[in-house]
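Before any comments, here is the structure.
Order of listing sets the numbers, starting from 1, for every ligand and every atom in it.
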Amino acid sequence: MITNPLRDPRDRRLPRVPEPCALVVFGITGDLARKKLLPAVYDLANRGLLPTNFALLGFARRDWGDEDFAELARDAARKAARTPWREEVWERLAGSVRFVQGSFDDDNAFDELAATLGELEGTHGIGGNAAFYLSIPPAMFPIVLKQMQRTGMADSTPDRWRRVVVEKPFGTDLASSRELNELVDSVFTADDVFRIDHYLGKETVQNLMALRFANSLFEPVWNGHHVDSVQITMAEDVGIGGRAQFYEQTGAARDVLQNHLLQLLALTAMEEPVEFSAEEIRTEKLKVLRAVSLPEDLATSAVRGQYEQGWLAGQRATGYRQEEGVDPHSTTETYAAVRLGVETRRWAGVPFYLRTGKRLPRRVTEIALVFKRAPHLPFADTDTEELGNNQLVIRVQPDEGMTLKFGSKVPGSVMEVRDVAMDFLYGEQFTEASPEAYERLLLDVLLGDATLFPRNAEVEASWAVIDPLEEFWEGTTPQAYRAGEWGPRAADEMLAAEGRRWRRP
Ligand SMILES: NC(=O)c1ccc[n+]([C@@H]2O[C@H](COP(=O)([O-])OP(=O)(O)OC[C@H]3O[C@@H](n4cnc5c(N)ncnc54)[C@H](OP(=O)(O)O)[C@@H]3O)[C@@H](O)[C@H]2O)c1
């Protein structure tokens, strides 16, 4: 990092710019690289957040030269960049773009990659620093890691850093995630491993920590004395797109519950960290994940569903089993909901309801704290018929912001109390647009800041929650729901049995 001796090193208000370095992307021709990574690299360059001495290397099988790659990168960046397009920024970046052709089992290609990195030290002054992004099918992680080990590319030394970015899924259960972690940790040192959960790069998710730990207003009520229950939702209106093969083997619980939703739960339920550092925050999150409990009776406290044909936004939507590439008798869930507990003094007895699903009525991710009713209401019952529980809703996406729902008197001559909402919208309060999650996370990787990346123990603790659920569901058929509905009826019944109901965001 370039530092100014007059600045307090803990002062993060000025933009942080990484040291000279290279970013190597394996799987550069893939979906993720084109849609997210290349645009993020351009946006960082456009915001002046990449070092002057920077190189971008792509690795893939096609018979391409540097120029073909530069063209793909330009198209991808131009199509999906968040910030305005400036040709001069791209021109500067294009001068440091390299392509290495080869397959992952090709030793020569990795030798060439190592040699190219060496050359770039001389021509682009990258100082030997490099981050390797594994934007590749998970089955390919072992072979690529071993190649990096073989060529010595993974070795950090006192003069240079080498880091690896691992995309989810981090395994498919506890045993396979342990195996993957052991492999990654045998090639890279733990501090050089960055596991991406892109939800943690979202501004609102980080704001959750600001909200809780920078204010005195919320923390006193952030516990089981005042909170009745917590609902964490990640709803998508889309289906599975072209990812049938991946989704058929994965399902909603492994795809979203295990990572995004449990990470959101951890940030919601964790204690205040000693300081705002990677080590301390990850330590607090891990404590929560280890304290998560599944209810004894999974039959009444977990629901899996699968969408059938229906209607969404006035359009007919295909059923899951009719999607291209999906087994017509598939039992993969496209919806999962579960009631979890957090066995700590703060949260004992408070249910955390987590749900995720595809082809739901709208795309929304939110965390809602539902508060207990006032212990006594000095009004006639009829005055408060329209009064619900107070709620604090943190909207992760879209319309990033927060809503506080509480009761207020309806204007008029009678005492009628009804729910009203007080809104905070990021877009209204701040003029600067939030960076894309991948933009923020890529920058953090290059800066070596691991605060927003889950540690291996967190990943394993999360699988320890999901494994029993998957075992329980094994061999069962998910409950049907129509595309465009908020999941199967059983999910509503699960909450109704406890006198609660899901929010309809
Ligand atoms: N797409 C998303 O939105 C998304 C979201 C979250 C996480 N992820 C994760 O991100 C990773 C990448 O996903 P993706 O959707 O981008 O996958 P993808 O579209 O299938 O791309 C895979 C890439 O890997 C390369 N590749 C595959 N086998 C190879 C081999 N033997 N040798 C050399 N290159 C090889 C392909 O290169 P060729 O051009 O040579 O075939 C391609 O560039 C996965 O781990 C996925 O789970 C993706």
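- Under a 4.0 Å N-O distance rule, the pair D75/R34 does not qualify as a salt bridge.
- Using a distance-only test at 3.5 Å, with no hydrogens or angles considered, a donor-acceptor pair links the side chain of T332 to the main chain of E248.
- For the residue pair T233/R355, the side-chain donor-acceptor check at 3.5 Å is satisfied.
- Close N/O approach between A33 and ligand 1 is not found [any backbone or side-chain N/O within under 3.5 Å].
- Under a 4.0 Å N-O distance rule, the pair K358/E236 qualifies as a salt bridge.
- Other residues, nucleotides and ligands contribute only 12 or fewer heavy atoms inside 6.0 Å of the CZ atom of R290.
- The single protein non-hydrogen atom nearest to atom 25 (C) of ligand 1 is G27 CA, 3.9 Å, given as residue, atom name and distance.
- In terms of polar-atom proximity, F104 is counted as a contact of ligand 1, with an N or O under 3.5 Å from an N or O of the ligand.
- Listed by number with element, the atoms of ligand 1 under 4.0 angstrom from any heavy atom of I28 are 43 (O).
- Taking each of G242, P137, P138 in turn, the one with a heavy atom nearest to atom 22 (C) of ligand 1 proves to be P137.
- Checking E167, M140, Q101 against atom 8 (N) of ligand 1, the nearest heavy atom belongs to E167.
- The protein heavy-atom contact nearest to atom 48 (C) of ligand 1 is R243 NH2, 3.9 Å.
- For ligand 1, the polar-atom distance check finds an N/O of I136 within less than 3.5 Å of one of the ligand's N/O atoms.
- Within a 4.0 Å radius of atom 20 (O) of ligand 1, the protein contributes no heavy atom.
- Side-chain contact between D444 and T451 is absent, with no heavy-atom pair separated by less than 4.5 Å.
- Sequence neighbours left out, the pairs with a member in residues 26-55 that pass ring pair (Phe, Tyr, Trp, His ring centres under 6.0 Å) are F26-F59, F26-F110, Y42-W85.
- Listed by atom number, the atoms of ligand 1 under 4.0 Å from K168 heavy atoms are 7 (C), 9 (C), 45 (O), 46 (C), 47 (O).
- With ligand atoms numbered from 1 in the order given, ligand 1 contributes 36 (C), 37 (O), 38 (P), 39 (O), 42 (C), 43 (O) to contacts under 4.0 Å with heavy atoms of T29.
- Taking each of R61, R34, R62, K35 in turn, the one with a heavy atom nearest to atom 28 (N) of ligand 1 proves to be R61.
- Listed by number with element, the atoms of ligand 1 under 4.0 angstrom from any heavy atom of G102 are 33 (C).
- E470 places no side-chain N or O within 3.5 Å of a backbone atom of D467 that could act as its donor or acceptor partner.
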| message | Could you go through E439 and R47, starting from their C-alpha distance and side-chain angles, then the distance that decides it, and tell me whether this counts as side-chain contact (heavy atoms from CB on, under 4.5 Å)? | response | CA-CA 10 Å; E439 209 177 316; R47 292 167 63 207; 2.7 Å; yes
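- The nearest protein atom to atom 16 (O) of ligand 1, hydrogens excluded, is given as L32 N, 2.8 Å; this is a heavy-atom distance.
- Between the E121 side chain and the I126 main chain, no donor and acceptor come within less than 3.5 Å of each other.
- Protein heavy atom nearest atom 3 (O) of ligand 1, with residue, atom name and distance: D31 OD2, 3.7 Å.
- Near P169, the atoms of ligand 1 lying under 4.0 angstrom from a non-hydrogen atom of the residue are 47 (O).
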